[in-house]
Amino acid sequence: MKSLLYPLLFILSITFTSSCKKTQSNTLVVHLLSEPDDMHPTNGASAVRAEINLYTNLSLLRVNYKTGELLPCLAKSLPTVSEDGLNYSYELKDNMTWDDNSPITANDIAFTTKASKCLYTNNIGLKPYWENIDDIIVDSKNNKKFTIKMKRPYILNTWFWTDFPIVQAAFYDKQNVLAKYSNAQLTDSTFLKSKQDIKQWADEFNSPKYSTDTQFMSGAGPYKITKWDKGVSITLEKKKNHWSENCQENWYCQANPDKIILKLNNNNASALLELKNGLIDVSTMIDYSSFTELSKDEAFKKDFTLKLADTYNYTYVAMNMKPDGKKHKKLFTDVNVRRAMALLTPYNQINKTLYENNNKQVVGPISPNKIDFNADLKPLEYNVEQAKELLKQAGWADTDNDQVLDKMIDGEKTKFEFNINFISGSKVWEDLAKQLAESFGKANIYVMLNPLDYNGFFSSVTGHSFDMSISAWQSSAPPEDFSQLWSSASWANNGLNFTGFGTPQSDALIDSINTCMDEPKRIALSKRFQKLVYDEQPYIFMFTQTRRVIVNKKWDNLEIYTEYPGVLLNTLKLKD
Amino acid sequence: MWPYVLKRILWFIPTLFAVTLIGFILLANAPGDAVDSLVMSSNSGGSLKTTQDIEQQKTYWRKQLGLDLPLFYFSICKLSEPDTLYKIHDETQLEKVNEQIKTTEGYRNYLPKIVWYGSSNQYHRWLFGGFNSKGIIRGDFGLSISKKEPVIVIIKDKLIWSLFFSILSIILAYAISIPIGIKIAQQPESKFSKSSQFILFLMYSMPSFFVGVLLLMLFANPDILSIFPPSGIKPIEGYYDHASLIEKFIVSVPYMILPLICYTYSSLAFITKLTATSIQEQLQLDYIKTAKAKGLSSNSIIWKHALKNSALPLITVFSTVFPSIVGGSVIIESIFTIPGMGLETVRAIIAQDYPVVIAIITLSSILTIFSYLLADILYAWIDPRIRITK
């Protein structure tokens, strides 16, 4: 039997080694954790889609990844802003064209806006982002010049454009339908009812071909999606005879690899082996333990660069500050209790056991990597005795010696016991919940773990039907708009303010920040707001998340950024 | 037999109707809301979202997707409840209204009523079409809510891979386990029997996620043996242009071996054990003794007589395994990055993409019903004593 086994293995290895062949030539293979739901130019919303758009599309403005500031892209320069902060005048660069060599004009900007705002287009989650644009006035003498009229002054009125690709009017609206109507008309449901031409255009524009068929994907960027093998990979190929061919001045027009293949793999074990086999050149998505394992592998380190990069994202544990008092008891209404919970959190132990000591503790609602971070706020340290003292001050005591704290709330004896919600399937979050439960137990607080599927978790937090829940926020370089997560309105309308944080004062401060165009002044206001949140402790602020960057050393010119996606694939150069 | 088959096929219709309806109702009552997920799905930074903006958008898209309609043709509810209660989608608001009804309506809370909605309901639209679908009756499962693609397109690609792996693994499992099972039954005390039963028991006890990762770590790991590719179903750059189906298959063979082992090993153990036990039972029966007395060879007795009579449990197993090919295997697909139905089902459930989920339920139901029918026919074919005229 043995004599048969070895020749068989030999033959198998000879036959199949060919299948493990690494890609030759100037092709970059990148690890992808999940594929985008769609690649529609205006209707999609996934993060992966946004990353692909960096290479296949251009925006009016981009983020300068090195400085975290705004960078003109299609625009010649940053806009001239009127004194009231409502009118933004732009001029487009001359040398940039669409794939059919027609120039990119202000009409394309106007079309992109109309297509995104039109009530019939299928970008439900994104429409509110366009809501603040009132109109776009194209200069009648120069179609490279235009003014964007905003409804309200807002800190993200310029930053907003970095998120959205500009699409070609002639490609997506061949009959020029939208040009006949104003933005106001396209958002008026009564007006739209009688306009069949708009409905027909929208049905065509929303059709799946623009979302999934690579033949119907057109952008001004240096790459084009040439193949989308669903559930397997997405291939981007460098355009030939494109205006960006000799452009190296800014990251967005560089196209060093001839081909970028985004290869799907959502399993850590096989992704790790793909890296070890040299089948993947770039990964920023592998888990902490695999990253640590690879960091200790000297043979692997000969061929790969491994670096941990900061991000603007952070994990948190939210506490329900405004429970109904029936289904969910009023456990966290007192700031002393919330503070005590933060003091009972073993940050160092969690960081060591779950994140291999790679994460930084956060103290407030903003990443320490952002310029407006309030460095005066000191991280809370793990201190059981101090926590117990705060709980005592809040009226919690074990009056019946059953090893669980209790207190009279609304005339009813209430035990300090509750559920920690988290999304099931994440080992890290389950372990985090276990460690928190164990630590809270030291102060005689009884905790039950409550893993939920995504929808259950999401509806529990937005419906305010939870005690404590673990989650994370993803953020980026632009100035922070605190309204979504922290305004009272966002709690009242079941938005992303899960905890119930918010007072008229904090709401007024958020409004001031959102309309403050003076950067130093805005930063000062932002710091004040962070202090306000820090004092109230609606969250146990946990850690900033680090990105695990692994890049094959055959690729040069590697720069790692805090902003998503961390590595700009188009700028990597194959070594000679 | 044929009237029976026809009768069973006619029973398909109400059975399918019931299954899809149950699936539809379960999904509609699952926590969360598809429109909420769509509204909140944006990954961008801050915005000026207001309650009015969000509600306007939700209302518009709920209408567009037909989610503003009642769920079914009728509902049975309390006499106190208004007929338009289905129009409230906000759970908090719904709770408030229910509370108000409870406290103000007195005895009417205890009396039932039936509300008739007619054909303007979500289930009818799914069945017969409307808005962007021709309806399941015309073979159109509609559009996926999250992917905005026709459901049939999404499912078709994934189904091919799931069918491929599942059917191949079923064939392999039967082809390998029946001869082993027979050998075990023939010589139950032999070394081969004992060792193979131990190995099979061990295989049966091992979960597929463990075996999958173990296979990867052993055979796709440059630190040990790097024979097979660690993930995917074809080379990174795809097949070469104009490759024929056979050429594609040959290129994909190395990618298929580890997943196929994973798909097959547990059913292999189960079917072998079942075959062995079943054959052993047959070998004790009088007709086998008669056959031996008549001087028939051992192989002839086993393959011609005993196997045929012991095939009934194997057919039963087949009829339960067969429908699962539509569902795929989430674990194996995830480990080996196979774009199959398992991962798609999970994705659709998480995204509350109900057209996709219902399509999968419907296809699974069709296969289940079909496989039971097939099993009945096979029973009758193998054992003429089984009559299927009723």
Side-chain angles (χ1 to χ4, degrees), chain A residues 12-13 16 19-21 23 29 37-38 43 45-47 50 119 122 124-129 131-132 152 154 156 159 163 206 208 211-212 227 229-233 261 263-267 269-270 273-274 276-277 279 453-456 458-459 463 474 476 478 480-481 483-484 489 493-494, chain B residues 30-33 35-51 53-54 57 60-61 90-92 143 146-150 153 157-158 213 216-217 220-223 225-238 251 254-255 334-337 339 343 350 352:
Chain A
L12 280 174
S13 60
F16 298 149
S19 64
C20 298
K21 256 187 199 166
T23 51
V29 182
D37 278 345
D38 69 67
N43 294 354
S46 65
L119 275 184
N122 201 356
I124 176 171
L126 301 170
K127 281 206 195 303
Y129 291 81
E131 193 272 333
N132 198 31
R152 294 176 288 271
Y154 180 42
L156 298 174
W159 282 96
D163 275 341
N206 290 333
S211 299
T212 54
K227 198 166 91 177
D229 202 347
K230 298 278 170 61
V232 179
S233 65
I261 300 176
K263 189 177 184 303
L264 196 71
N265 188 337
N266 58 11
N267 182 272
S270 65
L273 293 174
E274 284 201 295
K276 280 188 166 184
N277 278 299
L279 297 171
D453 70 278
Y454 177 79
N455 290 312
F458 197 70
S459 54
Q474 189 182 333
S476 54
E480 207 78 34
D481 171 0
S483 59
Q484 271 187 315
N493 66 27
N494 299 97
Chain B
D33 179 57
V35 175
D36 275 351
S37 306
L38 280 175
V39 174
M40 299 297 184
S41 64
S42 172
N43 70 312
S44 301
S47 80
L48 287 178
K49 279 185 181 177
T50 64
T51 314
D53 296 333
I54 293 169
Q57 285 296 311
Y60 177 77
W61 283 101
D90 181 67
E91 276 183 28
T92 322
L143 275 183
S146 57
K147 292 193 168 184
K148 293 140 195 162
E149 250 187 306
V153 173
D157 291 346
K158 316 272 179 187
V213 174
L216 277 180
M217 289 300 170
N221 188 352
D223 296 339
L225 264 179
S226 183
I227 305 174
F228 300 106
S231 97
I233 30 99
K234 56 184 154 183
I236 292 170
E237 299 208 52
V251 169
Y255 293 86
S334 166
I335 292 171
F336 295 101
T337 321
L343 290 176
I350 290 172
Q352 293 204 308

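Below, chain A is the first sequence line, B the second, and so on; all start at residue 1.
- With sequence neighbours excluded, the residues that form a side chain to side chain contact (heavy atoms under 4.5 Å, CB included) with A:Asp229 are A:Val232, A:Ser233, B:Lys234.
- Looking at every heavy atom in both residues, A:Asn277 comes nearest to B:Ala220 through ND2-O, 2.9 Å.
- Scanning all heavy atoms of the two residues, the minimum distance from A:Lys227 to B:Glu237 falls at NZ-O, 3.5 Å.
- Side chain to side chain, B:Ser231 and A:Lys263 meet the donor-acceptor criterion of an N or O pair below 3.5 Å.
- Under the salt bridge (Lys or Arg N to Asp or Glu O under 4.0 Å) criterion, B:Asp223 pairs with A:Lys276, sequence neighbours left out.
- Annotation for A:Leu273 and B:Pro230: closest pair CB-CB, 3.7 Å, computed over non-hydrogen atoms.
- Nearest approach of B:Ser334 to A:Asn266, heavy atoms of both residues: O-OD1, 3.6 Å.
- A distance of 6.5 Å separates OG1 of B:Thr337 from CG of A:Leu264, quoted to the nearest 0.5 Å.
- Although no hydrogens or angles enter the test, the distance criterion places a donor-acceptor pair under 3.5 Å between the side chain of A:Ser270 and the main chain of B:Ile335.
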